[in-house]
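Worksheet: one structure, shown below.
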Amino acid sequence: MTVRTRFAPSPTGYLHIGGVRTALFNWLYARKHGGQFILRIDDTDAERNRPEAIQPILDGFQWLGITWDEGPGIGGPCGPYFQALRGHLYREAALKLIETGHAYPCYMTKEEVDVLRKQAEGEKRNYVHRGRDRTLAPQDALRLFHEKPTTIRLKVPDDRTVVVDDQICGKVEVQSNLIGDPVIARADGSALYNFATVVDDAAMKITHIIRAKEHLSNTPTQMLVYEAMGIQPPIFAHVPVVNAPGSSKKLSKRDAHKFVTPDVIAMLRAVHAVPAEWTDEQIKKNESLNPVMVEYYRILGYLPESLINYFGRLGWSLDDKTEIMSLETMRTNFGFDRVNQSPASFDPQKLHWVAGEYTKVASLERKIDGVIPILQRGGLLGDQIDRDKIVQVVNACGDRLKILSDVLTYGAFFFRDPQYDAKAVKQRLHKEDMPELLREFAEVLTNAEPFDVPTLEAKLQEFSAAKQAKAGDLNHALRVATTGVMIGPGVFECLVIFGKAETLRRIDIALQIPKT
RNA sequence: GGCCCCGUCGUCUAGAGGCCUAGGACACGGCCCUUUCACGGCCGCGACACGGGUUCGAAUCCCGUCGGGGUCACCA
């Protein structure tokens with residue numbers, strides 16, 4: 001039997017990183033066993049069922065390299081892959097369950113149920129719903145339902161121990177007497193999650209259900225649905241949830257705004273990911289651009305494989321020391337035996353480190369291609385692209401680029417005039433008679449041929465020795481004068497990229513800054 | 001509240017009764033390298049939730065306590 005796994009997001013419009021991890025585990029397991037990974041859109045809740053809410057999710061997966069064998073965009077033998085289009089299947093399945101005596105139309109009103117619930121509460125008893133109509137003979141129930149449609153409930157069997165043999169959590173046993181008869185379909189015939197998911201997973205021949213731990217409690221109920229339908233249940237594997245950074249609470253979209261810290265806001269502004277006129281509040285409210293969504297990392301220039309690596313390693317490990325590994329390595333080694341049972345907190349700092357490891361070894365071409373749109377968005381580059389110059393800049397930045405948008409902090413001055421940092425100017429440029437020294441060194445530079453790193457370095461050594469000045473001090477001043485800041489690639493590399501004329505021009509500009 | 005799950009450094013993890021004086025990674029602190037910043041190298045800080053058993057021996061097995069989470073919907 002070929003392995004078939006699935007990921008079934010609801011169309012919220014954004015790809016959540018917790019979902020990415022669950023999807024990744026499904027993908028890994030299917031691919032490891034030569035099986036199929038299916039993407040299904042769980043859009044039974046019609047209200048927010050907008051087509052445009054699906055595309056960002058598909059785009060996110062595509063960017064990450066998580067491919068699906070059946071689902072939106074490609075179809076497949078078990079379609080449609082949208083729950084909204086499968087209503088007739090649920091209705092059919094529900095009627096069949098009534099017919100076989102496993103389900104019944106429940107005519108108790110909400111008020112009646114509330115009375116029973118209150119009564120149970122009063123007696124400090126747990127309320128377990130058992131509909132009054134559950135004893136109806138199947139034929140009568142069916143006839144009655146057709147005459148007067150109402151909610152359909154599953155008939156939960158009495159005195160049974162339901163066993164979920166979970167691949168990660170182990171054997172979990174629950175008494176059926178504690179499970180109330182669940183509503184599986186509304187009066188209008190629309191299905192509820194616990195039912196729709198089972199009908200679909202069965203129809204799509206899903207063999208392994210890999211999903212978040214929060215679904216474990218619902219699983220016995222679903223087992224009962226499988227049983228009622230006369231279908232062998234799939235194998236379950238519930239993966240622990242991803243918690244918010246430094247918290248023991250689930251990372252949820254609901255409090256995503258909490259992670260939009262001043263740092264994050266500054267980052268988004270720096271890369272011009274949001275309109276400049278937006279207030280901090282507006283940025284906070286923007287749902288897709290915050291650290292729980294994949295889009296956030298894409299816009300900041302994280303390489304997709306770094307997210308894959310990080311999230312694959314969150315809750316699962318290859319061995320006692322491997323941190324950096326390819327998707328392929330994960331694929332060949334993935335297994336439930338090395339998935340943790342306890343929740344894992346998302347650590348943005350570690351993700352950032354992983355990202356750096358990938359950027360470090362990425363090909364120059366990829367970095368160039370990634371950096372160009374970032375520079376353009378930042379208004380540092382127009383439509384005319386001098387690719388050679390960008391090659392030089394990216395090379396000069398070297399390992400300083402952990403994420404591609406770091407090019408803005410280390411190399412913005414290559415594309416515009418220096419923006420002088422007051423502190424840098426005061427400390428390095430307006431130090432004693434440095435301005436005069438720099439003026440004289442500019443003269444030297446005029447005659448520097450060729451204008452390359454070794455020559456410039458030699459000139460600076462020679463000049464400072466002659467003037468009995470510290471080479472380091474002059475070097476620092478030169479950096480601030482030409483770049484405006486105290487950090488960046490090697491100063492001679494910078495000068496070479498500027499070229500002689502531009503270097504001299506920048507020194508001139510710097511020498512005109514009044515001392516304060 | 002009932003039921004279910006979980007509990008090793010701040011965080012991710014290794015650990016299947018002796019290899020554990022508990023290993024690695026991120027973060028943090030220090031030093032080295034460096035004419036800035038980053039990279040790199042070295043060192044340091046830092047954990048078996050608690051209490052009882054079982055055993056010659058327990059982070060590992062059992063019980064209890066405490067703590068955390070999830071779920072009990074005509075949401076998914």
Side-chain angles (χ1 to χ4, degrees), chain A residues 8-12 42-45 47 83 106 110 113 120-121 124-129 150-153 164 166 168-170 172-175 178-180 182-188 190-194 196-197 212-221 238 240-241 243 245-250 310 313-324 337-338 340-354 356 360 397-402 406 409-410 424 428 457 460-461 464 470-480 483 485-492 494:
Chain A
S10 17
T12 54
D42 276 11
D43 51 0
T44 46
D45 192 21
E47 288 153 42
Q83 288 195 326
C106 187
K110 197 169 173 8
V113 175
E121 264 169 38
K124 300 230 159 137
R125 247 181 335 119
N126 206 38
Y127 178 67
V128 178
H129 185 86
T150 182
T151 58
I152 302 175
R153 286 186 190 263
V164 179
D166 191 275
I168 293 167
C169 309
V172 178
E173 302 187 350
V174 177
Q175 299 308 314
L178 267 18
I179 302 173
V183 174
I184 58 176
R186 303 182 180 93
D188 66 3
S190 60
L192 262 57
Y193 173 75
N194 271 329
T197 198
K213 191 80 148 264
E214 62 204 84
H215 292 282
L216 184 58
S217 299
N218 285 325
T219 307
T221 306
H238 287 93
V241 297
N243 284 338
S247 147
S248 57
K249 294 260 197 295
K250 194 183 107 180
Y310 177 76
R313 182 63 185 57
L314 190 64
W316 173 80
S317 62
L318 174 63
D319 55 29
D320 58 343
K321 45 179 72 79
T322 308
E323 299 288 345
I324 303 299
D337 51 329
R338 291 193 75 87
N340 257 289
Q341 305 197 0
S342 44
S345 297
F346 169 50
D347 181 358
Q349 283 186 309
K350 186 150 182 177
L351 202 207
H352 190 255
W353 171 76
V354 172
K360 232 190 283 181
C397 288
D399 288 351
R400 274 164 278 250
L401 301 185
K402 296 237 185 138
D406 284 337
T409 76
Y410 291 111
R428 315 237 117 131
E457 189 159 1
L460 184 128
Q461 280 303 346
S464 40
K470 274 199 207 151
D473 287 350
L474 185 56
N475 185 293
H476 292 150
L478 197 53
R479 168 185 301 286
V480 171
T483 72
V485 291
M486 286 200 273
I487 61 164
V491 70
F492 301 118
C494 291

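Each chain gets a letter, A, B and so on, in the order its sequence line appears, and its residues count up from 1. Hydrogens, waters and symmetry mates are skipped; everything else that's a heavy atom, side chains included, is used.
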For atom CG of A:N340 and atom C1' of B:U11, their distance in whole Å
13 Å
Please measure how far the P atom in B:C48 lies from the corresponding atom in B:G7, and state the result in whole Å.
15 Å
Distance, rounded to the nearest Å, where A:F492 contributes CZ and B:U35 contributes C1':
7 Å
Looking only at atom C1', what distance separates B:A38 and B:C32, rounded to whole Å?
16 Å
Ignoring the backbone of A:S345, work out which of B:U36, B:C5, B:C12 is nearest its side chain.
B:C12
Using purine N1 to pyrimidine N3 plus N6-O4 or O6-N4 for Watson-Crick, or N1-O2 and O6-N3 for G-U wobble, both under 3.5 Å, which nucleotide pairs with B:G17?
none
Gap between atoms NZ and P, on A:K470 and B:U34 respectively (whole Å)
16 Å
What nucleotide, of B:C5, B:A76, B:U36, holds the atom closest to the side chain of A:R400?
B:U36
On the nucleotide B:C6, are OP1 or OP2 found under 4.0 Å from the side-chain N or O atoms that A:Q341 carries?
yes
Nucleotide paired to B:C26 in any strand shown, Watson-Crick or G-U, under 3.5 Å
B:G10
Among B:C3, B:U13, B:A76, the one nearest any side-chain atom of A:Y193 is B:A76
If you look at every strand shown and take non-hydrogen atoms under 4.0 Å, does A:A344 touch a base, only sugar-phosphate, or nothing?
sugar-phosphate
Quick one: closest heavy-atom pair of A:L318 and A:R338, and the distance?
O-NE, 3.3 Å
When rounded to whole Å, the CG to P distance for the pair A:D320 and B:G24 reads 10 Å
Side chain of A:K249, heavy atoms from C-beta onward: which of B:A14, B:G70, B:G69 has the nearest atom to it?
B:G69
Nucleotide nearest A:R313 when distance is taken to its side chain, options B:A76, B:C12, B:C4:
B:C12
Roughly how far apart, to the nearest Å, are B:G15 and B:G24 at atom C1'?
12 Å
Using a 4.0 Å heavy-atom cut-off, does A:G490 contact any base of the nucleic acid, only the sugar-phosphate backbone, or nothing at all?
base
Mind checking A:H215 for me? I need base, sugar-phosphate or nothing, with any heavy atom below 4.0 Å counting as a touch.
base
Whole-Å P distance, B:G53 and B:C26
42 Å
Counting just side-chain N and O atoms, does A:K110 come under 4.0 Å of either OP1 or OP2 of B:A73?
no
Whether the side chain of A:K213 engages the backbone of A:S342 through a donor-acceptor N/O pair (distance < 3.5 Å, no angle test) should be reported.
no
To the nearest angstrom, how far is A:L351 atom CG from B:A25 atom P?
19 Å
Same-atom distance (P) from B:C42 to B:A47, integer angstrom
23 Å
Quantified in whole Å, what is the C1' atom distance between nucleotide B:G52 and nucleotide B:A14?
28 Å
For a quick check of understanding: with a heavy-atom distance under 4.0 Å over all strands, which category does A:P489 fall into, base, sugar-phosphate or nothing?
base
Where the side chain of A:R479 is concerned, which of B:C74, B:U36, B:G70 is the nearest nucleotide?
B:U36
If only atom types and distance count, is the side chain of A:H476 paired as donor or acceptor with the main-chain N or O of A:G472 below 3.5 Å?
yes
When you measure from the side chain of A:S342, which nucleotide among B:C6, B:C75, B:U71 comes out closest?
B:C6
Tell which nucleotide pairs with B:C3, taking only Watson-Crick or G-U wobble pairs whose two distances are both under 3.5 angstrom.
B:G70
Rounded distance (Å) that lies between atom P of B:C6 and atom CD1 of A:I168:
12 Å
Taking for A:P9 and for A:L178 the nucleotide of RNA chain B with the nearest heavy atom, the one nearer the 5' end belongs to A:L178
Would you say the side chain of A:E121 and the base of B:G1 hold a donor-acceptor pair, judged only by whether the two atoms sit under 3.5 Å apart?
no
Could you tell me if the side chain of A:P220 sits less than 4.5 Å from the side chain of A:I179, heavy atoms only?
yes
Do A:T221 and A:N218 meet the criterion of a side-chain donor-acceptor pair at a distance under 3.5 Å?
no
What is the pairing partner of B:U35, taking Watson-Crick or G-U wobble pairs with both distances under 3.5 Å in any strand?
none
Proximal nucleotide (of B:A76, B:A25, B:U36) relative to the A:W353 side chain:
B:A25
P-based separation of B:C61 from B:G17 [nearest Å]
8 Å
Using a cut-off of 4.0 Å on non-hydrogen atoms, how would the nucleic acid contact of A:K321 be classed: base, sugar-phosphate, or nothing?
sugar-phosphate
Determine the Euclidean distance between corresponding P atoms of B:G44 and B:U36; express it in Å to zero decimal places.
27 Å
Using the six-membered ring wherever Trp is involved, compare the ring planes of A:Y193 and A:H215 and label them parallel, tilted or perpendicular (cut-offs 30° and 60°).
tilted
Minimum-distance nucleotide (side-chain atoms of A:D399 versus B:C3, B:U11, B:C39)
B:C39
Under 3.5 Å donor-acceptor, A:D42 side chain and A:S10 backbone
no
Does a donor on one side chain and an acceptor on the other come within less than 3.5 Å for A:R186 and A:S190?
yes
Could you check whether A:E457 gets within reach of a base, just the sugar-phosphate, or nothing at all, counting any heavy atom under 4.0 Å?
base
Output yes when a side-chain donor or acceptor of A:R313 lies under 3.5 Å from a complementary backbone atom of A:E323, and no otherwise.
no
Describe the nucleic acid contact of A:L401 in one word from base, sugar-phosphate, nothing, applying a heavy-atom distance below 4.0 Å.
nothing
Atom CZ of A:R125 to atom C1' of B:C3: distance rounded to whole Å?
16 Å
Interatomic distance, A:E323 CD vs B:A25 P [rounded to whole Å]:
8 Å
Looking only at side-chain atoms of A:R186, point me to the closest of B:C5, B:C3, B:A76.
B:A76
Closest nucleotide of RNA chain B for A:Q461 versus for A:L192: which of these residues is on the 5' side?
A:Q461
